[in-house]
Amino acid sequence: MGELIADIWHSLRALPLWVQIWTMGILVPVNLASILFIGEADGGWIAFLAIAGIAPNLPVMVIQRGFSRLMAFSHVVFWTPLVIWLILFRPQGAQSYQLYLLLLLAADLISLGFDYGDVVRWWRGERKPAGR
C-alpha cells in the first residue's frame, strides 16, 4: 500500500507545478464544495455531476499508479452536461450559492478546455501516467 501511495505521489509531483496547484488547490476543492449546497435549488443534481467528474479518478489512479490522461474522460462525461446546465438553467438562490455556481462553472469550463485535448491524446496512445 505504501508503494502505491508513493507511486501516485511521485506521479502528481511529476506534473507541472501549475497543474498540481490547479488540480489539488482549486479544481478538486471547488467540485467537492458542491456538497455544501445540496439543499439549494438543483443542489443534489449539481453535486452529483461535480463529484461524479472526479470520483472515477480514484480507481484510475490506483490501477495506473498515477495521474494519466485517462482521468479526463470522467470530467468530459459529467462536467459537460454540468456546464451546459449551469449556462442555460443556472438555478436561483442566495448570493453565496450564485457566487459558488459561477466559480464552479469557471473552474469546470477551464478544466474541460484541457480535458477534451487530453481525451484525444489518450485515444492517440499517450497513456502513460505522469512520471513514467
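On a predicted model such as this, the values are computed, not experimentally measured, just so you know.
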Contact check, side chains of Ile54 and Leu32, non-hydrogen atoms, under 4.5 Å |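 Side-chain contact under 4.5 Å: yes.
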Do side-chain atoms of [X] reach the backbone of [Y] as a donor and acceptor pair under 3.5 angstrom?
| X | Y | result |
| --- | --- | --- |
| Glu126 | Val119 | no |
| Ser11 | Gly131 | no |
| Tyr97 | Ala41 | yes |

Is there a continuous path of hydrophobic side-chain contacts, each under 4.5 Å between heavy atoms, that joins [X] to [Y]?
| X | Y | answer |
| --- | --- | --- |
| Trp18 | Leu112 | yes |
| Leu27 | Met24 | yes |
| Val30 | Ile84 | yes |
| Leu104 | Leu99 | no |
| Val77 | Leu109 | yes |

Could you label the plane-to-plane angle of the Trp79 and His75 rings as parallel, tilted or perpendicular, counting under 30° as parallel and over 60° as perpendicular?
->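 Taking His75 first and then Trp79, their aromatic rings lie parallel (interplane angle under 30°).
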Going by the angle between their ring planes, with limits at 30° and 60°, are Phe37 and Tyr100 parallel, tilted or perpendicular?
->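 Parallel, since the angle between the ring planes stays under 30°.
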Stepwise side chain to side chain contact (heavy atoms under 4.5 Å, CB included) check, Phe73 with Asp115 | CA-CA 7 Å; Phe73 276 89; Asp115 293 329; over 6 Å; no
Atom [atom1] in [X], atom [atom2] in [Y]: separation rounded to 0.5 Å?
| X | Y | atom1 | atom2 | answer |
| --- | --- | --- | --- | --- |
| Leu103 | Asp108 | CG | CG | 9.0 Å |
| Arg69 | Phe114 | CZ | CZ | 12.0 Å |
| Arg65 | His10 | CZ | NE2 | 12.0 Å |
| Ile51 | Ile38 | CD1 | CD1 | 6.5 Å |
| Met71 | Asp118 | CE | CG | 10.5 Å |
| Ile46 | Asn31 | CD1 | CG | 11.5 Å |

[X] to [Y] - nearest heavy-atom pair and separation:
| X | Y | result |
| --- | --- | --- |
| Pro129 | Ser68 | CA-CB, 4.0 Å |
| Asn57 | Gly53 | ND2-O, 3.6 Å |
| Thr80 | Val76 | OG1-O, 2.7 Å |
| Ser34 | Ala47 | OG-CA, 3.4 Å |

Criterion side chain to side chain contact (heavy atoms under 4.5 Å, CB included) on Asp42 and Phe89, from CA distance to verdict = CA-CA 10 Å; Asp42 297 324; Phe89 307 107; 5.9 Å; no
Heavy-atom neighbours of Trp45 CH2 exceed 12 at 6.0 Å |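 Atom CH2 in Trp45 is not packed in, count stays at 12 or less.
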Step-by-step side chain to side chain contact (heavy atoms under 4.5 Å, CB included) determination, Trp9 to Leu12 | CA-CA 5 Å; Trp9 178 254; Leu12 171 65; 3.9 Å; yes
